[in-house]
K.L.:
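Below you will find the structure I want to go over with you.
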Amino acid sequence: MTSQDIILTGDRTTGSLHLGHYVGSLRNRVLLQDRCQQFLLLADAQALTDNMGNYLKVRDNVLQVALDYLAVGIDPAKSTIFIQSLVPELTELASYYLNLVTVSRLERNPTIKDEIKQRGYERDIPAGFLTYPAAQAADITAFKATIVPVGEDQIPMIEQTNEIVRRFNASVETAPILVEAKAMVPEVGARLPGIDGKAKMSKSLGNTLTLSASADEIRQAVKMMYTDPNHLRVSDPGQVEGNVVFSYLDAFHPNIELVKRLKDHYRLGGLGDTVIKQHLEECLQELLAPIRQRREEYARDPAAVLAMLKEGTARARQVAAVTLSEVKAAMGLNYY
Ligand code: TRP
């Protein structure tokens, strides 16, 4: 990665972000903002692809997700945070990209496939939902992004984006206009398990810990956390793999050596769940206390947050407009 890299990333505004988002992408985004230009998109329009009618939810979560960004340390002086629906250039770009993807390719997108199954749509998919990968390609390419820090579930979106990029560039006579992007997925904790040990932390499964969790909620979550069901007595050898407490220690504990010693001890027997949970609770409390505090501070002045979004949106719109006009000119849609 170099200072030339451009970052575009974002989240649907359907709910507050949780610890899974934190390890999956937020942590990377906070680091990246010091090294390159970064755009963060509040994807309200994408949220509507399966939320028509739930307008209040989508609208309210624009502010909630913005607060999550600010709380984890995204700095609006370094990163541009903006509202997707207020950049109509993205919709226009997407409408052209739709002609570069086939329905069968959209239906084969693994993320879309999973989501269709999750929602029980079968064949009754909102057309906007099936085609949102083309809109996401517009989000990414409008900024000529080269790096997209996201959770691993988004990798198929970037692959499909790059296909669109190649097809578009090959379809015009001019020098290549669109730029391919790389997904950036963390090595550790790419897929943080839920506190119940289910494969993934996700709101629909009700196994999350939100970024605004209170000290008490953190305590409760760690207490209930799934460990090794066969580790009945402290003296029993315990299993580290699939043990959520250890997955979280790997993802969050700053002292890797200590975690390694705890694992060895646990495997041998003689280390109780209470002790490993104590270590985990301590580091989660330490991580989340300043995040919670910062969030509360920003939440006291929503007008200031909106003013920041307005500025970011204006900046983002300028950039997207340049790309759109290049794309249109390359297609000959520059009549006068
Ligand atoms: N699909 C992402 C999500 O489900 C949100 C998103 C929209 C996005 N456009 C994007 C992510 C562009 C990265 C890049 O939350």
Side-chain angles (χ1 to χ4, degrees), residues 5-18 20-26 28-29 32 36-51 57-58 61-62 64-66 68-69 74 79-91 93-94 97 106 109-116 118-119 126 128-162 164-165 178-186 190-192 200-204 208 211 312-313 316 319-320 323:
D5 276 308
I6 296 175
I7 318 291
L8 177 291
T9 179
D11 294 278
R12 281 183 215 171
T13 60
T14 46
S16 283
L17 303 181
H18 54 63
H21 295 111
Y22 183 75
V23 274
S25 55
L26 294 173
N28 274 337
R29 298 170 186 178
L32 285 166
C36 1
Q37 204 185 354
Q38 175 163 257
F39 296 89
L40 285 120
L41 147 145
L42 299 164
D44 59 343
Q46 186 178 109
L48 287 174
T49 59
D50 65 333
N51 275 291
K57 170 173 129 180
V58 170
N61 280 305
V62 166
Q64 294 309 316
V65 176
D68 288 332
Y69 287 168
I74 297 290
S79 297
T80 301
I81 311 176
F82 69 99
I83 301 174
Q84 186 183 32
S85 66
L86 290 174
V87 185
E89 287 78 7
L90 299 175
T91 319
L93 259 185
Y97 293 173
L106 288 164
N109 181 308
T111 304
I112 295 284
K113 256 166 103 171
D114 280 357
E115 289 178 319
I116 288 174
Q118 255 176 37
R119 288 161 179 71
F129 186 83
L130 179 66
T131 57
Y132 89 71
Q136 189 152 336
D139 299 339
I140 294 168
T141 55
F143 297 88
K144 308 218 164 137
T146 49
I147 298 178
V148 187
V150 279
E152 66 173 4
D153 61 309
Q154 295 294 305
I155 290 173
M157 294 298 155
I158 321 268
E159 283 168 359
Q160 190 150 16
T161 295
N162 289 337
I164 291 173
V165 166
L178 301 179
V179 176
E180 290 190 45
K182 267 203 195 77
M184 177 186 267
V185 181
R191 191 175 259 243
L192 193 69
K200 194 179 164 183
M201 181 173 276
S202 110
K203 204 169 112 209
S204 51
T208 64
L211 289 175
T313 302
V319 178
T323 306

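Remember, it's 1-based here, ligands and their atoms both numbered in the order they're listed. This chain uses plain numbering: 1 for the first residue, then up along the sequence. Computed from a predicted model, the values in this text were never measured in an experiment.
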K.L.:
Can you name the nearest heavy-atom pair linking Glu115 to Arg12, along with the distance?
P.N.:
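Reported closest heavy-atom pair: OE2-NH2, 3.0 Å.
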K.L.:
Students should be able to answer this: which protein heavy-atom is nearest to atom 15 (O) of ligand 1, and at what distance?
P.N.:
Arg12 N, 3.2 Å
K.L.:
With atoms numbered from 1 as shown, which atoms in ligand 1 lie under 4.0 angstrom from a non-hydrogen atom of Val150?
P.N.:
13 (C)
K.L.:
Among all the protein's non-hydrogen atoms, which is closest to atom 8 (C) of ligand 1, and how far away is it?
P.N.:
Gln136 NE2, 3.4 Å
K.L.:
So does Leu17 get a backbone contact from the side chain of Asp68, meaning a donor-acceptor N/O pair under 3.5 Å?
P.N.:
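A pair under 3.5 Å: yes.
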K.L.:
Of all the atoms in ligand 1, which lie at a distance below 4.0 Å from a heavy atom belonging to Val148?
P.N.:
13 (C), 14 (C)
K.L.:
Considering only heavy atoms of Leu41, which atoms of ligand 1 have at least one such atom less than 4.0 Å away?
P.N.:
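In order of number, 7 (C), 9 (N), 10 (C).
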K.L.:
Which pair of heavy atoms, one from Phe82 and one from Ala316, lies closest together, and at what distance?
P.N.:
CG-CB, 3.5 Å
K.L.:
Any salt bridge between Asp11 and Arg29, counting N to O under 4.0 Å?
P.N.:
yes
K.L.:
Among Gln84, Met157, Gln46, which residue places a heavy atom closest to atom 2 (C) of ligand 1?
P.N.:
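Nearest option to atom 2 (C) of ligand 1, by heavy atoms: Gln46.
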K.L.:
Considering Ile7, Asp153, Thr14, Leu8 one by one, which has a heavy atom nearer to atom 14 (C) of ligand 1 than any of the others?
P.N.:
Leu8
K.L.:
Write down the atom of Ala94, the atom of Ala134, and the distance for their closest heavy-atom approach.
P.N.:
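Closest approach of Ala94 to Ala134, heavy atoms only: CB-O, 4.0 Å.
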K.L.:
Is there a donor-acceptor pair under 3.5 Å between the side chain of Asp139 and the backbone N or O of Thr9?
P.N.:
no
K.L.:
Return the closest protein heavy atom for atom 9 (N) of ligand 1 as residue, atom name and distance.
P.N.:
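Heavy-atom neighbour on the protein nearest atom 9 (N) of ligand 1: Asp139 OD2, 2.7 Å.
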